[in-house]
Amino acid sequence: MAVHGKRMTTDAGRPVGDNQNTLTAGPRGPVVFEDFLLFEKMAHFNRERIPERVVHAKGSGAYGHFVCTNPGIKDYTTAKLFATAGKRTDVFARFSTVGGEKGSADTERDPRGFAVKFYTDEGNWDMVGNNTPIFFIRDPLKFGDFIHTQKRDPRTNLKSPTMMWDFWSLSPESLHQVTILFSDRGTPDGYRHMNGYSSHTFSLINSRDELFYVKWHFKTLQGIKNLTRERADYIRGTDPDYAQRDLLEAIERGEFPKWRVYVQIMPEREAATYRINPFDLTKVWPHRDYPLVEAGEMTLNRNPQNYFAEVEQAAFEPRNIAPGMGFSPDKMLQARLVSYPDAHRYRLGVNYDALPVNKPYAAVHTYHRDGVMRFDGNAGAEPNYEPNSFGGPVEDPLYNERPRAISGTVARHDHREDSDYYSQPEALFRLMKPEDRERLIGNIVASMRTVPRRIQELQIQHFYKAAPAYGTGVAEGLGLKIEDIIAAEKAGVAAD
Ligand code: NDP
């Protein structure tokens, strides 16, 4: 029989004669050990899964580009992607939920990951943010504890509102992010209708060696669109891959999603005296203090050809910055600089950054060699040590880190010394329309219903301190008397 199309082979390239029938001793079996095709197929299948990401396991990705629309940004940075108006840089973006497993539903109430890899001329810049400008905690020592509350109860293997609200009520710095999470923005309508934020403060450095602290904002040009709790719950059951489908099909239809990219810019000297700690991840920089400056526009216009190769194996890491960019003292950021590559080495192996989706467009010349699954030629015959006298790559002091002044003592400084947990949640609550507030309170009440009374009361005290109507609304929804809760707090006892 003539073969049409590609001839099937084994992993070793040997053509396969029969992919329908196992090799057996006689028509009724048993199977003989020499059926290498059967054993190769089964062995490979047994190893198809790699560890899923411990957070952001469920995600969707697409390729596109960033175009600089404001070359004025080069007053703040030497990063070449902002050098001229119209300068185009290819990108790969991945969006995700955070707490759910790889097969979980896309419409869960959760922050959304918003990660963009810019393949710049001088190496990758990974903007690894969220659809929220802030986060639940501001000390990385608490990250694992916090994420455990978003996962499953160790005994029941069930999601546990008690674990979540217990942690949040005892971590009042989380109130700002909790307020965003339970607002409509906690259930965005797919990935195209949400903003992205670096959340962390980073820095830019210009040709005069001046440093500016910055926060990145990606504003959706599709407009913000969210799902109500009822609609999100319905879609969770009927179309759990809703956001993946929406992104994929929009791009296939030629409706390419776009975001306008902005940056808030704080000159270095202002950081020390600004009334808000600019490195506190639970706080925004109000727009009136640091207005958004346009930088460019991002468009996504190409779907990956293979989900596993390009989306599952994508590895984003905040340590990837272009020359002309820097970090900040934000403790959460500092921990992520180490934690992300560590996670990738565990999940994908030490050579993860040579995988096609992660590989920079810029030439890579390192002295790293070998390691599991080295598949890129391993730098051939080039010297594998430095210094050497055989023409190996050399350092260029032009790209050295700019010196930064530090002060203070090495100690476990108490981040709770800033006890302003309430002013920014208050500002957010105040800008919500009455119907937004009603849905916020309804979403919280639905989540807190089964939580022990003492935890409900402590959390209601936090809501009340942000805005009396906020605390009162939640208390009423849960059938509790706000006066008793406030009086009990003043007396230092539980209301029940
Ligand atoms: P502004 O009035 O200047 O900005 C308010 C911003 O809040 C809007 O521009 C919009 O930002 C965002 N927003 C509007 N509705 C909601 C909502 N329901 N949920 C979450 N965000 C919303 O005031 P400030 O800059 O003083 O900020 C006031 C509060 O707004 C902050 O405490 C913070 O909670 C929230 N916010 C502030 C941001 C900032 O960077 N300053 C960014 C996002 C939220 P956007 O267009 O980016 O969505």
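Note that ligands are numbered from 1 as they come in the structure, with each ligand's atoms numbered from 1 the same way. Just so you know, these numbers come straight off a predicted model, no measurement behind them.
- Within the listing of ligand 1, atoms 26 (O) sit less than 4.0 angstrom from a heavy atom of Arg288.
- Distance screen at 4.0 Å: atom 3 (O) of ligand 1 has a protein heavy-atom neighbour inside the cut-off.
- His176 counts as a contact of ligand 1, since one of its heavy atoms falls under 4.0 Å from the ligand.
- Under the 4.0 Å criterion applied to side-chain N and carboxylate O atoms, Arg236 and Asp106 are not assigned as salt-bridge partners.
- Closest to atom 32 (O) of ligand 1, if we only count protein heavy atoms, is Gln424 O, 3.1 Å.
- Among all protein heavy atoms, the one lying closest to atom 42 (C) of ligand 1 is Pro133 CG, 3.7 Å.
- Remark: Lys117 qualifies as a cation-pi partner of Phe316 under the 6.0 Å distance and 45° angle criteria applied to the six-membered ring.
- Residue contacts with ligand 1 include Tyr197, since one of its heavy atoms falls under 4.0 Å from the ligand.
- Residue, atom and distance of the protein heavy atom nearest to atom 41 (N) of ligand 1 are Trp285 O, 3.1 Å.
- Looking only at heavy atoms of the protein, atom 31 (C) of ligand 1 is closest to Val284 CG2, 3.7 Å.
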task = Could you give me the CA-CA distance, side-chain angles and deciding distance for Val214 and Gln264, then say whether side chain to side chain contact (heavy atoms under 4.5 Å, CB included) is met?
result = CA-CA 5 Å; Val214 294; Gln264 285 181 292; over 6 Å; no

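- For the pair Arg437 and Phe429, the cation-pi criterion (under 6.0 Å, within 45° of the ring axis) is fulfilled.
- Contacts between His217 and ligand 1, counted as non-hydrogen atom pairs separated by less than 4.0 Å, involve the side chain only.
- Under a cutoff of 6.0 Å and an axis angle of 45°, Arg302 and Tyr63 form a cation-pi pair.
- When all heavy atoms of Lys258 and Thr299 are compared, the closest pair comes out as NZ-OG1, 3.4 Å.
- Between Ile482 atom CD1 and Glu476 atom CD the span is 8.5 Å, to the nearest 0.5 Å.
- Salt bridge status for Arg138 with Asp418: present, with a side-chain N to carboxylate O gap under 4.0 Å.
- Summary of contacts: the protein heavy atom closest to atom 35 (C) of ligand 1 is Leu428 CD1, 4.0 Å.
- At the top of the distance list for atom 39 (C) of ligand 1, counting protein heavy atoms only, stands His287 NE2, 3.3 Å.
- With a 4.0 Å cut-off on non-hydrogen atoms, Leu431 touches ligand 1 through its side chain and not its backbone.
- Looking only at protein heavy atoms, the nearest one to atom 46 (O) of ligand 1 is Lys219 NZ, 2.5 Å.
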key: CA sep, side-chain torsions, deciding dist, call: Phe118, Leu81, side chain to side chain contact (heavy atoms under 4.5 Å, CB included)   = CA-CA 9 Å; Phe118 294 75; Leu81 71 163; 3.7 Å; yes

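- Residues Arg229 and Asn443 bring a donor and an acceptor atom of their side chains to less than 3.5 Å of each other.
- Shortest contact from atom 13 (N) of ligand 1 to any protein heavy atom: Arg185 NH2, 3.4 Å.
- Each of the atoms 45 (P), 46 (O), 47 (O), 48 (O) of ligand 1 lies under 4.0 Å from some heavy atom of Asn195.
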